[in-house]
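All heavy atoms count here, side chains included; hydrogens, waters and symmetry mates do not. The structure displayed is predicted, hence computed values, not measured ones. The first residue of the sequence shown is numbered 1, and numbering continues consecutively from there.
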Amino acid sequence: TSGVISKTFIEDSFYNERYVSKGHRPQSNAQKRLDEWRIFTELYKIEDEIHLWKNSIQIEESITRLRNKLKSTLSSFMIENLILNALLPFLYRYSINNSQEIEISTIISAYSKLPAENNTVTRKWNKIGINLKNAYESQASLEIYQQFCLLKKCASCEVGKNILKK
């Protein structure tokens with residue numbers, strides 16, 4: 001070895017040091033998420049796409065363009081995360097604010113065509129036998145988890161009732 005530290009090593013070290021904070025994994029760091037959002041908004045101009053979003057096929061094409069633009073900059077996990085948790089909710093809010101210029105059913109259809117999320121909560125659902133087929137179902141399961149499981153309202157939830165019967 002020549003003793004020269006590669007640029008990639010230095011960038012990776014800086015990257016990890018910058019985003020590591022006590023008690024948090026680097027990928028969960030708020031500053032990292034903001035940096036990824038900045039990259040997303042710089043590379044993907046929503047204003048250029050918004051006039052195309054009249055049906056689910058056009059939204060799918062737009063999502064494909066987004067993936068292609070971001071794949072060299074962000075991880076596929078982060079791209080999917082931005083689509084599910086930023087782009088599609090933005091479309092929903094945009095449709096409400098603009099008298100449903102984009103049909104709500106079109107946005108729901110887009111969720112149903114995306115893969116299910118893979119996170120701690122969705123893995124818990126899979127563990128109890130509820131297999132989530134797409135992002136629409138995984139988003140619904142996250143909401144149920146927030147509204148019932150975390151608040152220990154099992155008796156008010158159909159899933160909770162079924163588990164308690166066993």
Side-chain angles (χ1 to χ4, degrees), residues 25 27-30 32-166:
R25 294 181 178 177
Q27 64 268 29
S28 300
N29 184 279
K32 180 178 185 283
R33 294 287 173 100
L34 288 171
D35 289 347
E36 290 166 335
W37 178 250
R38 181 188 47 77
I39 291 168
F40 170 75
T41 57
E42 287 174 1
L43 294 176
Y44 187 72
K45 302 295 183 200
I46 291 175
E47 315 83 58
D48 297 342
E49 299 280 336
I50 213 156
H51 67 279
L52 300 174
W53 294 333
K54 298 294 181 197
N55 63 51
S56 61
I57 293 170
Q58 291 163 328
I59 290 177
E60 288 174 46
E61 291 168 356
S62 181
I63 288 171
T64 299
R65 283 192 295 279
L66 168 65
R67 285 185 181 121
N68 291 335
K69 284 181 182 180
L70 297 177
K71 69 182 173 186
S72 65
T73 311
L74 298 174
S75 69
S76 60
F77 171 81
M78 194 63 216
I79 294 169
E80 295 303 315
N81 199 9
L82 284 168
I83 291 167
L84 291 173
N85 298 306
L87 180 63
L88 293 177
F90 169 80
L91 288 176
Y92 177 77
R93 175 53 59 194
Y94 177 85
S95 68
I96 290 172
N97 290 347
N98 293 288
S99 301
Q100 294 200 339
E101 190 170 314
I102 302 167
E103 291 289 327
I104 301 297
S105 61
T106 300
I107 299 167
I108 291 171
S109 176
Y111 271 107
S112 67
K113 292 177 183 170
L114 293 170
E117 290 179 87
N118 179 13
N119 57 43
T120 305
V121 176
T122 59
R123 286 190 296 274
K124 285 179 182 180
W125 288 111
N126 286 332
K127 192 174 180 178
I128 64 169
I130 299 174
N131 298 316
L132 307 169
K133 298 180 210 84
N134 54 49
Y136 180 77
E137 290 181 1
S138 65
Q139 288 288 303
S141 74
L142 291 170
E143 184 65 20
I144 291 169
Y145 182 78
Q146 291 286 324
Q147 296 297 319
F148 294 96
C149 301
L150 289 178
L151 301 175
K152 303 201 183 312
K153 294 183 175 182
C154 303
S156 302
C157 169
E158 291 304 314
V159 176
K161 288 177 190 176
N162 287 331
I163 291 171
L164 292 172
K165 285 180 188 176
K166 292 181 179 181

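Considering only residues two or more places apart in sequence or on other chains, A116 meets the side chain to side chain contact (heavy atoms under 4.5 Å, CB included) condition with L132, S138. With sequence neighbours excluded, the residues forming a salt bridge (charged side-chain N to carboxylate O under 4.0 Å, His left out) with K133 are E137, listed by chain and number. With sequence neighbours excluded, the residues satisfying side chain to side chain contact (heavy atoms under 4.5 Å, CB included) with N131 are N126. Remark: L164 engages C154 in a side chain to side chain contact (heavy atoms under 4.5 Å, CB included) (not counting sequence neighbours).
A heavy-atom distance below 4.5 Å is not found between the side chains of N162 and V159. Contact check for Q139 versus L142: side-chain heavy atoms found under the 4.5 Å cut-off. In this structure the side chain of Y111 never reaches within 4.5 angstrom of the side chain of N134, judged on heavy atoms.
Within the 3.5 Å criterion, the main-chain N or O of F77 finds no donor-acceptor partner in the side chain of N81.
Checked options L82, L66, I107; the residue passing with L87 is L66 (criterion: side chain to side chain contact (heavy atoms under 4.5 Å, CB included)). With respect to Y136, the side chain to side chain contact (heavy atoms under 4.5 Å, CB included) criterion is satisfied by exactly one of S112, S109, S141: S112.
Nearest heavy atom pair, residue W125 against residue Y145, reads CZ2-N, 4.2 Å. Taking each heavy atom of V121 and N119 in turn, the nearest pair found is N-OD1, 3.1 Å.
In this structure, CZ on R65 lies 5.0 Å from OG on S62, to the nearest 0.5 angstrom. Rounding to the nearest 0.5 Å gives a distance of 6.0 Å between CG of L88 and CG of L114. Here the NZ atom belonging to K69 is positioned 12.5 Å from the CD1 atom belonging to I79, to the nearest 0.5 angstrom.
The salt bridge (Lys or Arg N to Asp or Glu O under 4.0 Å) contacts involving residues 114-132 comprise nothing, where partners must be two or more places apart or lie in separate chains. Pairs passing the salt bridge (Lys or Arg N to Asp or Glu O under 4.0 Å) check and including a residue from residues 140-159, sequence neighbours excluded, read E158-K161.
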